[in-house]
There are 2 protein chains.
Amino acid sequence: MSPSRRLTGPHPTLATVAERAGVSRQTVSNALNNPELLREDTLARVQAVIEELGYTPNRAARALRTRASHMIGLRFEPAQEGTSNALIDRFVHSLVEATARTGHHIILFSGDPDDLLDGYDELLRATAVDAFVITDTYAGTPQVDLLDRVGAPFVTFGRPWDDPSAKYPWVDVDGARGAELATEHLIAAGHQRIAWLGWEKTSRIGEDRRSGWSRALAAAGIDAAGLGVRITDNVDAARMAAHELLEDGTVTGFACASDTIAIGVLHALAERNLRPGADVGVVGFDDSLGAQVTWPGLTSVRQPLEQVAIEVIDLLHTVLSLKTPENPARMLEPSLVVRRSTRRD
Amino acid sequence: MSPSRRLTGPHPTLATVAERAGVSRQTVSNALNNPELLREDTLARVQAVIEELGYTPNRAARALRTRASHMIGLRFEPAQEGTSNALIDRFVHSLVEATARTGHHIILFSGDPDDLLDGYDELLRATAVDAFVITDTYAGTPQVDLLDRVGAPFVTFGRPWDDPSAKYPWVDVDGARGAELATEHLIAAGHQRIAWLGWEKTSRIGEDRRSGWSRALAAAGIDAAGLGVRITDNVDAARMAAHELLEDGTVTGFACASDTIAIGVLHALAERNLRPGADVGVVGFDDSLGAQVTWPGLTSVRQPLEQVAIEVIDLLHTVLSLKTPENPARMLEPSLVVRRSTRRD
DNA sequence: CTGAAAGCGCTAACAC
DNA sequence: GTGTTAGCGCTTTCAG
């Protein structure tokens, strides 16, 4: 005699479905997780009841039993104001779309701004997440060491700058190639003296992008001397640096490490009554909303974030199934979105 | 004789802690959830072991038992390109910060773009979330009906436009007041003929903001005839509308329903060689990144999203503890961030 | 104040 | 193929 209890609670359980379908709970479970084990008619009957009752397995119970939460943690930093670079936000949108197809969910957490590692450990010990996506690899990757140590799966958006031979799975966009595209585009538009406005030397990403600019100039036989400038990532610093470079009248192109910097250059042009595109070509980086709305339209290097998200989730999937990914290091190509800041109409 | 098993797995459990501290599992549980029940020395001893072992309660087990996941669902729509308005992204950042203090977490999910209700039900039936935050109230609120029907807790960012007497908890920002602030600011700067560039009539939020503009003009005894224009929310539509309004040379002020629209006005000014601020005052809405980086700096109405998030979480807390919030309808005041687009230097 | 027993809903292992 | 048993880690009774 089975102790069949009828639950009065709002949610049907395995037992409810089993009773209604006239099978055991295990059979319902199999219908869900190993449908090939059931006879066709039994399966159909069980599925009909599941449908009818609107049954969805209880996540907590399933997680407790299988030790898999199907949650992916992402540490979400406070909003950065004053920069047009909301790249991470766009990435998160893509990530949510990408996870939707796999049954995983993104859970956002915050941590002490002074402690890059804060928050990870707790979620892990609570078995609240199966894995992490790490985005802030530009700041070095202490998180990677931590997660490696405790054996937690993760994938990073951003390559292992500190240790190119590191073998954890990552996805990144070739920033040097992006800057090269930008510079080639300016050269093709007839510019010769093309400046680089980038970040401080401490930024690996910044130096990488800068190398793409150098490469493009070298390939075209253009001397880069005095044209590479390093500043902090804000509009005003860029504006001032641009004024300095524009002083002698020979510089007519700017490849920039960010849209914020490029917009600073546009400000300088406005103040000098120079026409973006016609007089001076300007290219930004990241195709941020700022690039899209700013006057007269900013040409910018765009990272394929949708694809990055898909690759990240794909890698995560592989890692979570304890398989070794075939290609754990995935470099994607950026593209150039051309707008009026480089058109010589 | 207690069946004390030593777990070899990575995570300590209640049993591990209990054994190590020489108490029963229940006592450890109490140390966590009802510390006032324990004798001081026992409590201290248990806490020391918890600390030492780095124990964190298993969320799945706790959720299964208490029927509370401590997760809050937020449906996250695909990124909107071409508009400077990433308000929701900024809100999510604030929300994550706000939840951090309460032990809740935000889980992001996506849904069929054609079905506003998609996704909610499933998370609920899976008991994956305790409650929802709803942000898209401008599109009407079918979600509210759904959640009300199934008895799921939620709080909205956005008031019940369709039914002002609805008694569910919400937090919103007074958009009419924001437009009024913008218009008053333009009047104070000496402008008289101040145009409104807003959204189509179908937008409740748009009409609400517009009413603030009318109110400010009326209070100053200025005739608004012919100055209120409704367009779609994009840079180009705004640019063209601005050109039309600027044609007769009398309009010198623009209050706008969004930063996107305001930036379109700035484009028109650039094309007419009019100086933002000195010749024509322009005010946007939402203080987006675009407003912050665009030349020459766009004055904009700012919504206090950090505070909105805090109030939302506060209401959610109250609702989740089955109490009736004292003040379930919370309207917050926006503020004006003044930049050069309204300075007459 | 502390301990023992029961069970949340599910799935892995094994019997039939 | 299908049913039975056990237990994931926790908290809620209820005894002591």
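Just so it is clear, the model here is predicted, and its values are computed rather than measured. Because only heavy atoms are used, hydrogens play no part in the values below, and waters and symmetry mates are left out as well, while side chains stay in. Lettering follows sequence order; numbering is per chain, from 1.
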Spacing of [X] atom [atom1] relative to [N] atom [atom2], expressed in whole Å:
| X | N | atom1 | atom2 | result |
| --- | --- | --- | --- | --- |
| A:R67 | D:dC10 | CZ | P | 10 Å |
| B:H11 | D:dC8 | NE2 | C1' | 13 Å |
| B:N34 | D:dT12 | CG | P | 8 Å |
| B:R62 | D:dC8 | CZ | P | 18 Å |
| B:R25 | C:dC1 | CZ | P | 23 Å |
| A:R59 | C:dC10 | CZ | P | 13 Å |
| B:N58 | C:dC8 | CG | C1' | 13 Å |
| B:L32 | D:dT11 | CG | P | 7 Å |

Position toward the 5' end of DNA chain C (nearest nucleotide), B:E36 or B:T66: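 Its nearest nucleotide being more 5', the pick is B:E36.
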[X] near the nucleic acid: base, sugar-phosphate alone, or nothing, with a heavy-atom cut-off under 4.0 Å?
| X | value |
| --- | --- |
| B:L37 | sugar-phosphate |
| B:L14 | base |
| A:L38 | sugar-phosphate |
| B:T42 | sugar-phosphate |

Quiz prompt | Residues A:T99 and A:T102: side-chain donor-acceptor under 3.5 angstrom | solution =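 A:T99 vs A:T102: no donor-acceptor pair found between side chains.
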Open item on the list: For A:E311 and A:Q307, which I'm curious about, is there any donor-acceptor pair between the side chains at under 3.5 Å?
Closed with: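 Yes, A:Q307 and A:E311 have a side-chain donor paired with an acceptor closer than 3.5 Å.
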OP1, OP2 of [N] versus side-chain N and O of [X]: anything below 4.0 Å?
| X | N | result |
| --- | --- | --- |
| B:T13 | D:dG9 | no |
| A:R65 | C:dA12 | no |
| A:T27 | D:dG3 | yes |
| B:N30 | C:dT2 | no |

Heavy-atom closest pair (B:D314 atom, B:R330 atom, distance to 0.1 Å) is OD2-NH1, 2.9 Å
Just compare D:dT12, C:dC10, D:dT4 and give me whichever is closest to any side-chain atom of B:Q26.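 Given the options D:dT12, C:dC10, D:dT4, the side chain of B:Q26 is closest to D:dT12.
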- Considering only C:dC1, D:dT4, C:dG3, which nucleotide approaches the side chain of B:S24 most closely?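 So the side chain of B:S24 is nearest to C:dG3.
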In terms of side-chain geometry, is the basic nitrogen of A:R90 or B:D89 positioned less than 4.0 Å from the acidic oxygen of its partner? no
In B:H93, B:H105, B:E97, the residue satisfying side chain to side chain contact (heavy atoms under 4.5 Å, CB included) with A:S110 is B:E97
